[in-house]
Amino acid sequence: MLLTADIGNTSITLGLFDDTALVEEFRLASDKDLSLEEYEVLIKSLFKDFKIDGCIISSVVEELNKKFKTAVDEVLKIDSILLSASLNTGIKIALQNKKEIGADRIANAAGAYVLYSHPVIVVDFGTATSFDIVNKDGEFVGGVIAPGINLQLKTLNKFTSKLPRIDAAKSPTAIGSNTTDAILSGVIRGCACMIDGLVEQCEKELGSKAVVVATGGYASIVVDYMKRPFDFINPTLTLEGLRHLYYLNS
């Protein structure tokens with residue numbers, strides 16, 4: 001079996017594949033303060049009943065790269081792959097500085113390249129809301145990075161004296177008649193408007209319509225307020241991209 005690990009700023013998503021089938025999915029907090037030994041205990045407890053032959057890790061948290069890879073390798077007795085732009089990605093990364101691109105975005109672009117027609121725009125709802133764009137020639141040409149939904153909600157509370165901390169939810173009306181509904185309108189409906197507008201501008205620069213794919217936890221909340229719904233919602237796109245990249249490089 002293959003273990004895929006996507007280390008984000010908020011959480012670590014773990015996917016266990018049996019050939020092409022995703023059979024298990026787990027989520028851990030991205031805790032930089034946990035020791036190597038504590039991560040080893042977590043991995044041992046999660047995967048004690050599975051025979052894992054390989055692992056690929058994407059990470060945007062530098063402090064966890066060595067610690068998490070070492071824990072995986074020690075517990076599972078394998079040599080895991082840490083994803084970077086220097087590996088074989090199966091696509092041309094046509095960015096000015098390949099070294100600055102996040103590994104999760106490489107996985108999204110690689111997964112989208114394999115699974116969907118081109119051009120394709122991946123909208124990833126994570127700590128940041130990011131667009132990863134593959135053009136008609138199969139080149140990863142770049143994207144968009146904006147504050148994520150949860151980050152916006154936290155920031156409004158942290159940097160104001162009266163606005164409450166609320167959780168992401170459906171926005172009942174565009175015109176909020178109370179503070180909570182006003183925040184939800186601004187953040188949730190505002191995100192939908194941002195995506196609609198940026199997809200239109202990106203397609204103009206690409207020179208054609210694109211397949212628009214959403215991944216990440218907030219897609220189902222935002223889509224109701226978009227003028228143009230997503231063509232596909234694929235919650236496991238990043239993990240599927242990692243699986244594809246593992247077999248390119250193993």
Side-chain angles (χ1 to χ4, degrees), residues 1-17 19-20 22 28 30 32 36 39-40 43 52-116 118-124 126-145 202 206 213 215-216 234 236-250:
M1 302 184 93
L2 172 67
L3 175 62
T4 56
D6 177 30
I7 302 175
N9 289 295
T10 304
S11 60
I12 302 172
T13 305
L14 302 167
L16 197 58
F17 285 88
D19 195 14
T20 60
L22 180 63
L28 305 172
S30 293
K32 292 179 281 190
L36 170 63
Y39 271 112
E40 288 179 344
I43 292 165
I52 296 173
D53 305 304
C55 173
I56 183 168
I57 302 164
S58 74
S59 173
V60 297
V61 184
E62 290 287 337
E63 298 90 335
L64 286 179
N65 289 2
K66 183 178 179 180
K67 189 187 297 184
F68 192 85
K69 175 177 167 37
T70 301
V72 167
D73 292 354
E74 289 293 326
V75 171
L76 302 179
K77 308 303 179 189
I78 59 175
D79 184 14
S80 59
I81 296 172
L82 187 62
L83 177 60
S84 72
S86 64
L87 295 181
N88 178 12
T89 62
I91 55 176
K92 180 180 178 182
I93 302 178
L95 282 81
Q96 292 180 357
N97 185 356
K98 293 181 182 181
K99 293 182 179 179
E100 69 182 16
I101 190 69
D104 56 337
R105 298 184 65 198
I106 296 173
N108 283 342
Y113 172 73
V114 171
L115 294 172
Y116 305 102
H118 318 130
V120 56
I121 299 171
V122 177
V123 182
D124 190 343
T127 304
T129 298
S130 61
F131 288 32
D132 304 310
I133 300 171
V134 178
N135 68 12
K136 62 181 175 61
D137 299 317
E139 299 172 321
F140 180 18
V141 292
V144 176
I145 301 174
C202 291
L206 288 167
V213 182
T215 191
N234 184 345
T236 61
L237 175 64
T238 310
L239 299 180
E240 292 178 53
L242 286 171
R243 183 192 68 81
H244 168 68
L245 289 165
Y246 176 82
Y247 289 112
L248 278 181
N249 288 276
S250 61

*Asks:* Residues two or more places apart in sequence or in another chain: which of them pass side chain to side chain contact (heavy atoms under 4.5 Å, CB included) with Asn88?
*Replies:* Leu248, Asn249

*Asks:* Could you tell me the separation between the CZ atom of Phe17 and the OG1 atom of Thr236, rounded to the nearest 0.5 Å?
*Replies:*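 Atom-to-atom, Phe17:CZ and Thr236:OG1 are 6.0 Å apart.
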
*Asks:* What pairs meet the ring pair (Phe, Tyr, Trp, His ring centres under 6.0 Å) rule with one or both residues in residues 65-104, with sequence neighbours excluded?
*Replies:* Tyr39-Phe68

*Asks:* Heavy atoms, side chains only, cut-off 4.5 Å: are Val122 and Leu237 in contact?
*Replies:*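 Yes, their side chains come closer than 4.5 Å.
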
*Asks:* Can you tell if the side chain of His118 reaches within under 4.5 Å of the side chain of Asp137, non-hydrogen atoms only?
*Replies:*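 They are not in side-chain contact.
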
*Asks:* Applying salt bridge (Lys or Arg N to Asp or Glu O under 4.0 Å), which residue pairs with at least one partner in residues 85-99 are found, sequence neighbours left out?
*Replies:*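 Qualifying pairs, neighbours excluded: Lys92-Glu139.
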
*Asks:* Output all residues satisfying side chain to side chain donor-acceptor pair (under 3.5 Å) with Thr13, sequence neighbours left out; order by chain, then residue number.
*Replies:* Arg27

*Asks:* Does any non-hydrogen side-chain atom of Leu87 lie less than 4.5 Å from one of Ile81?
*Replies:* yes

*Asks:* Can you confirm whether Leu16 sits close enough to Leu22 that some side-chain heavy atom of one is under 4.5 Å from a side-chain heavy atom of the other?
*Replies:*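 Side-chain contact under 4.5 Å: no.
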
*Asks:* Under the rule for side chain to side chain donor-acceptor pair (under 3.5 Å), what residues qualify as partners of Glu62, not counting sequence neighbours?
*Replies:*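 Glu62 satisfies side chain to side chain donor-acceptor pair (under 3.5 Å) with Asn65 once adjacent residues are dropped.
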
*Asks:* Please give me the minimum heavy-atom distance between Ser58 and Leu83, naming the atom from each residue.
*Replies:*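 Heavy atoms of Ser58 and Leu83 come nearest at CB-CD2, 4.1 Å.
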
*Asks:* What distance separates Tyr247 OH from Leu242 CG, expressed to the nearest 0.5 Å?
*Replies:*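 It is 12.0 Å, given to the nearest 0.5 Å.
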
*Asks:* When rounded to the nearest 0.5 angstrom, what is the spacing between SG in Cys202 and CD1 in Ile121?
*Replies:* 5.0 Å

*Asks:* Just jot down the salt bridge (Lys or Arg N to Asp or Glu O under 4.0 Å) partners of Glu40, sequence neighbours excluded, or say none.
*Replies:*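 Here no residue qualifies.
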
*Asks:* Can you list the residues that meet the side chain to side chain contact (heavy atoms under 4.5 Å, CB included) rule with Asp73, with sequence neighbours excluded?
*Replies:*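 Checked Asp73 against side chain to side chain contact (heavy atoms under 4.5 Å, CB included); matches are Lys69, Ile78, Asp79, Ser80.
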
*Asks:* Answer whether the closest heavy-atom distance between the side chains of Val123 and Val213 falls below 4.5 Å.
*Replies:*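 When only atoms from C-beta onward are counted, Val213 and Val123 do not touch, as no gap falls below 4.5 Å.
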
*Asks:* Has Lys66 got a side-chain atom pairing as donor or acceptor with Glu63's backbone, closer than 3.5 angstrom?
*Replies:*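 Such a contact is absent between Lys66 side chain and Glu63 backbone.
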
*Asks:* Under the side chain to side chain donor-acceptor pair (under 3.5 Å) test, which residues partner Thr129, sequence neighbours left out?
*Replies:*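 Once residues adjacent in sequence are excluded, Thr129 has no partner under the side chain to side chain donor-acceptor pair (under 3.5 Å) criterion.
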
*Asks:* Could you give the distance from CD1 (Ile57) to OG (Ser84), rounded to the nearest 0.5 Å?
*Replies:*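 Ile57 CD1 to Ser84 OG: 12.5 Å, rounded to 0.5 Å.
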
*Asks:* Determine the minimum heavy-atom distance between Ile145 and Ala128, stating which atoms define it.
*Replies:*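 Of all heavy-atom pairs spanning Ile145 and Ala128, the closest is CG2-CB, 4.0 Å.
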
*Asks:* Answer yes or no: is there a side-chain heavy-atom contact under 4.5 Å between Leu14 and Thr4?
*Replies:*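 With C-beta onward as the side chain, the pair stays apart.
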
*Asks:* Does the side chain of Ile133 come within less than 4.5 Å of Pro119's, by heavy atoms?
*Replies:* no

*Asks:* Answer whether the closest heavy-atom distance between the side chains of Arg243 and Thr20 falls below 4.5 Å.
*Replies:*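 Sidechains of Thr20 and Arg243: in contact.
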
*Asks:* Measuring from atom CG of Leu64 to atom OG of Ser59, what distance do you get when rounded to the nearest 0.5 angstrom?
*Replies:*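 It is 6.0 Å, given to the nearest 0.5 Å.
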
*Asks:* Suppose we screen for side chain to side chain contact (heavy atoms under 4.5 Å, CB included). Which residues come up paired with Thr10, at least two apart in sequence or across chains?
*Replies:*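 Thr10 satisfies side chain to side chain contact (heavy atoms under 4.5 Å, CB included) with Thr127 once adjacent residues are dropped.
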
*Asks:* With sequence neighbours left out, what residues match Lys67 under salt bridge (Lys or Arg N to Asp or Glu O under 4.0 Å)?
*Replies:* none

*Asks:* Filter on salt bridge (Lys or Arg N to Asp or Glu O under 4.0 Å), then keep only pairs touching residues 3-13, sequence neighbours left out; what's left?
*Replies:*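 Not a single pair qualifies under salt bridge (Lys or Arg N to Asp or Glu O under 4.0 Å).
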
*Asks:* Distance check, rounded to the nearest 0.5 Å: Ile56 atom CD1 versus His244 atom NE2?
*Replies:* 10.0 Å

*Asks:* Side-chain polar contacts of residues 101-115 - donor-acceptor pairs under 3.5 angstrom, sequence neighbours left out - could you list them?
*Replies:*
| from | atom 1 | to | atom 2 | distance (Å) |
| --- | --- | --- | --- | --- |
| Arg105 | NE | Asp132 | OD1 | 2.4 |
| Arg105 | NH2 | Phe131 | O | 3.1 |
| Arg105 | NH2 | Asp132 | OD1 | 3.3 |
| Asn108 | OD1 | Thr238 | OG1 | 2.7 |
| Asn108 | ND2 | Asp124 | OD2 | 2.9 |
| Asn108 | ND2 | Asp132 | OD2 | 3.0 |

*Asks:* For the pair Ser30 (side chain) and Gly8 (backbone), establish whether a donor and an acceptor sit closer than 3.5 Å, ignoring hydrogens and angles.
*Replies:* yes

*Asks:* Heavy atoms only: give me the nearest Leu36-Ala71 pair and the separation to one decimal.
*Replies:*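 Of all heavy-atom pairs spanning Leu36 and Ala71, the closest is CD1-N, 3.6 Å.
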
*Asks:* Where do Leu206 and Lys136 land on the side chain to side chain contact (heavy atoms under 4.5 Å, CB included) test, with the steps shown first?
*Replies:* CA-CA 8 Å; Leu206 288 167; Lys136 62 181 175 61; over 6 Å; no

